[in-house]
Protein chains: 2
Amino acid sequence: MSSTPAATGARSILDAATALFADEGYESVSVASIAAQAGVCKANVFHHFASKDELYLAVMKSASAEHADYAEELYQSPGSSADKVCKLIAFEIRNMLANHQRTRLLLRETNDGGHVRVRKLARTVFQRNFTAVVNIFEQGRERGEFRASIDPAAAAMLLGGATHLFFNCRDALREFREANGLETPDVYARRVAALILSGVLVAPEPQTHELALAHGKRARHTEATK
Amino acid sequence: MSSTPAATGARSILDAATALFADEGYESVSVASIAAQAGVCKANVFHHFASKDELYLAVMKSASAEHADYAEELYQSPGSSADKVCKLIAFEIRNMLANHQRTRLLLRETNDGGHVRVRKLARTVFQRNFTAVVNIFEQGRERGEFRASIDPAAAAMLLGGATHLFFNCRDALREFREANGLETPDVYARRVAALILSGVLVAPEPQTHELALAHGKRARHTEATK
DNA sequence: GCCTCCACTGACCGTTCGGTCAGCCGTCGA
DNA sequence: TCGACGGCTGACCGAACGGTCAGTGGAGGC
């Protein structure tokens, strides 16, 4: 009902294209290979999509939905900001791994040069997510739970960079003996959250108590999940 | 003398290939376009390099040198670990921007699927740099300057993620109004360093004083550069 | 029974790809 | 003066690319 009746053919093409584009990138994938993986004729691909470009655009559009929903909803939920940060990191990492094809597509297109139209699209997704994360840090600051001197945008970059790097280098991480257990998503999320919340220094300057103490900053951030 | 006498031709090809591969990736660049940019005949490219693959490998190898030197040398230098972290972030960001072609090549190859041999190569560079950064955090922990409960590897991922994300999304960052001034390398480095050192929480639990207090943890990390 | 519609196909197009090859020509040692 | 060498070239190759097109065959309205 919600899907067009004759979507089976187009759908299988879209799925095959998503998988191949995510694995090998735009240029490396031929229309013939997409058709083969979808089990249809090459000409049929051009029957459903005007060109390879347009097919790629369709793949990107279908991959762009729903990404920042969680952060925005988290922003409005009750609970301490510290908990929100923990939950956000854990969710983002788990979400990236669960939808690794879509994630790889978006990350590739956000970073690269390449197609301008598509980069705009990926950037829209990135911007929505970025803004939502910034809002969470801003909220924590307004509540007095986070220090007034922090830059929420920089904190969001820190958070995003940590999750992206984990996604990109997870299998590389597995080979490093310096990182024992760090390749486990939950472990990584917990340790990174602890660092973002408390930093590395043993005793930061005691400052900006102005607004603090009010909202019960229970920094019990060791059970971020479940 | 240090360069082979007849290296001019091969050198210009290598330079042209580096620029083009960095901008558009392996698949999008044709040998003909490399030859055109180098001002030579296409066949001449194959005279100096056995294949497009081997040319790419040569480009990657020449881009792989020198990357982790700074971190390793910083590790052995005097000064507080907090200062080292600040300097490291500032250097990495400045270094990435100064050698943006090489950086883009390495990042692309570290992340992507693609050529296995080259990924190994890029990963070697990444691993050296990663280990060096981990050592700096480990050193800070042993000195009692950093909390004993932190994971040096996680901190290194945080640091690397922040610098990578900045490099990849700098022009996108320039369009976000949430980030005022954050697209300036020095500003970004300073704010990120402050976050990694002290975190976002207003008052982390007072813990692990055991080894601290000894090495003068002057957390005056607002002038990381110059 | 027939006509229309449309998802789908095989064969084909011009172009561009990575790569080859015979040969040109300036340099240098004998 | 000559021959060998090597950097360099234009012309060319088969393969694969994105894209086109005439046509097929089954489903549905009349």
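To find a chain, count down the sequence lines: A is the first, B the second, and so on, and within it residues start at 1.
- B:Arg123 has a carboxylate O that lies under 4.0 Å from a charged side-chain N of A:Asp171, or vice versa, which qualifies the two as a salt bridge.
- Checking C:dG18, C:dG10, D:dG7 against every side-chain atom of B:Val31, the shortest atom distance belongs to C:dG18.
- At a threshold of 4.0 angstrom between heavy atoms, the contacts of B:Val29 are confined to the sugar-phosphate backbone, with no base atom among them.
- Put simply, CD1 on A:Ile34 is 13 Å from C1' on D:dG19, counting in whole angstrom units.
- Taking side-chain N and O atoms only, A:His47 has no distance below 4.0 Å to OP1 or OP2 of C:dC8.
- A donor-acceptor pair under 3.5 Å is formed between the side chain of B:Thr184 and the backbone N or O of B:Gly181.
- Side-chain atoms of A:Ala43 lie closest to D:dT20 of the nucleotides D:dT20, D:dG10, C:dG19.
- Nearest nucleotide to the side chain of B:Phe46, out of C:dC8, C:dG19, C:dG10: C:dG19.
- For D:dG10, its base never sits under 3.5 Å from the side chain of B:Lys42 at any donor and acceptor pair.
- Using a cut-off of 4.0 Å between Lys/Arg side-chain N and Asp/Glu carboxylate O, A:Arg11 and A:Asp15 are scored as salt-bridged.
- At whole-Å resolution of the value, OH in B:Tyr56 and C1' in C:dG19 are 20 Å apart.
- Of the candidate nucleotides C:dA7, D:dG18, D:dC8, D:dG18 has the atom nearest to the side chain of A:Ser30.
- Judged by distance alone, the side chain of A:Ser62 and the main-chain N or O of A:Val59 form a donor-acceptor pair under 3.5 Å.
- Between the side chains of B:Thr18 and B:Gln101, no donor N or O sits under 3.5 Å from an acceptor N or O.
- A straight line from CD of B:Glu27 to C1' of C:dT16 spans 14 Å, rounded to a whole angstrom.
- Note: CG (A:Asn44) to C1' (D:dG26) measures 15 Å, nearest angstrom.
- Between the CZ atom of A:Phe49 and the P atom of C:dC8 there is a distance of 11 Å, given to the nearest Å.
- Taking every side-chain heavy atom of A:His48 into account, C:dA7 is the closest of D:dG18, C:dA7, D:dT9.
- In this structure, B:Glu54 places its CD atom 10 Å from P of C:dG19, rounding to the nearest Å.
- The side chain of B:Lys52 lies closest to C:dG19, out of D:dG18, C:dG19, D:dG7.
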